[in-house]
Amino acid sequence: FRKLRITDRKWVERICYQDGGISSHVNFVMMYLTQAEYSYDSFREFFGCVLKKPWIENGTLYCQYPIGRLKNRIRAVKAITRLYAGTYQKITFRHLSEKNLEEVKSIFGEASVTAETSVDYDNYILDVQEQIHLEGPQYHNRRKKIARFNRAHNWTYEPITKENMDSCLEVNEKWFADHADEKGAETEQISLKVALQELDELKLQGGLFRINGKPVAIYIGTPFNKE
């Protein structure tokens, strides 16, 4: 296992596309940024899958579910359990989709291997056209907030560039100062800083918002797939 490099993007993305999962952890950029958040994160290719290094909590071995083709995922899961079954009483696979959960059940039934789904990762995936138009009753409150904001503020938007990078980093630092006591704030601040500093290398896109010329907010993202 080792830290991912920018040069690993091609083979990681090839395997992610083969997986077909719709979850933001099935994404090179997310993997790259989370390893900046967590010093112990590292990855390798394993039976044709992308595998994050397993970790131990309270005597339980945790492993992020392998990413890859179905047949390769199953081979990888079986190999992991063979490797560690004699050492740990319980093995838990994390960050599974409902589809992955069914795969695990088909292999092990109700064995000592357990699995945990995670909807949090899906919250980071947004449909571009849906966010542009905000159509439908589910976005009624958001449209009202936007209209209220437009009436109250003299704001501007500009794409993130090298020229305004210092302003973007300033917003990130201010956000962390305001949220430092919240769980996960520091790791999120670190990953965003890495994303900004390696914006071009990671092929990220983002924007900076100002109110009365003062930088107040940023956003940053990457296309998840061709859709």
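Computed from heavy atoms alone, side chains included, the values below leave out hydrogens, waters and symmetry copies. Keep in mind the model is a prediction, meaning the values are calculated, not measured.
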At their closest point, which heavy atom of [X] faces which heavy atom of [Y], and how far apart are they?
X	Y	value
A76	F46	O-CE2, 3.6 Å
I80	P66	CD1-CG, 4.2 Å
Y32	L4	CE1-O, 3.5 Å
F1	L51	CE2-O, 3.6 Å

According to side chain to side chain donor-acceptor pair (under 3.5 Å), who are the partners of [X], at least two apart in sequence or on a separate chain?
X	answer
S191	E37
H179	W175
E170	none
T161	E163

[atom1]-[atom2] distance between [X] and [Y], expressed to the nearest 0.5 angstrom:
X	Y	atom1	atom2	answer
Y65	F93	OH	CZ	7.5 Å
L192	T187	CG	OG1	11.5 Å
K193	L33	NZ	CG	14.0 Å

| query | Do any pairs count as a side chain to side chain donor-acceptor pair (under 3.5 Å) and have a residue in residues 2-11, sequence neighbours left out, and if so which ones? | reply | R2-D8, D8-W11, R9-E13
| field | Pairs flagged by salt bridge (Lys or Arg N to Asp or Glu O under 4.0 Å) wherever residues 57-80 is involved - sequence neighbours left out | value | D19-R73, E57-R94, R73-E103
| query | Tell me the salt bridge (Lys or Arg N to Asp or Glu O under 4.0 Å) pairs involving residues 177-186, sequence neighbours left out? | reply | K174-D178
| task | Report yes or no: does T81 contribute a side-chain atom to a donor-acceptor pair with the main-chain N or O of V77 at less than 3.5 Å? | result | yes
| Counting distance only, does the side-chain N/O of N27 pair as donor-acceptor with the main-chain N or O of M30 below 3.5 Å? | yes
| Taking only residues two or more places apart in sequence, or in another chain, which ones meet L134 in a side-chain contact (heavy atoms from CB on, under 4.5 Å)? | Q131, Y139, R142, R143, I146
Considering only distance and modelled atom types, tabulate donor-acceptor pairs under 3.5 Å from the side chains of residues 200-221, sequence neighbours left out.
| residue | atom | partner | partner atom | Å |
| --- | --- | --- | --- | --- |
| R210 | NE | E158 | OE1 | 2.9 |
| R210 | NH1 | G213 | O | 3.3 |
| R210 | NH2 | E158 | OE2 | 3.3 |
| Y219 | OH | Y157 | OH | 3.3 |

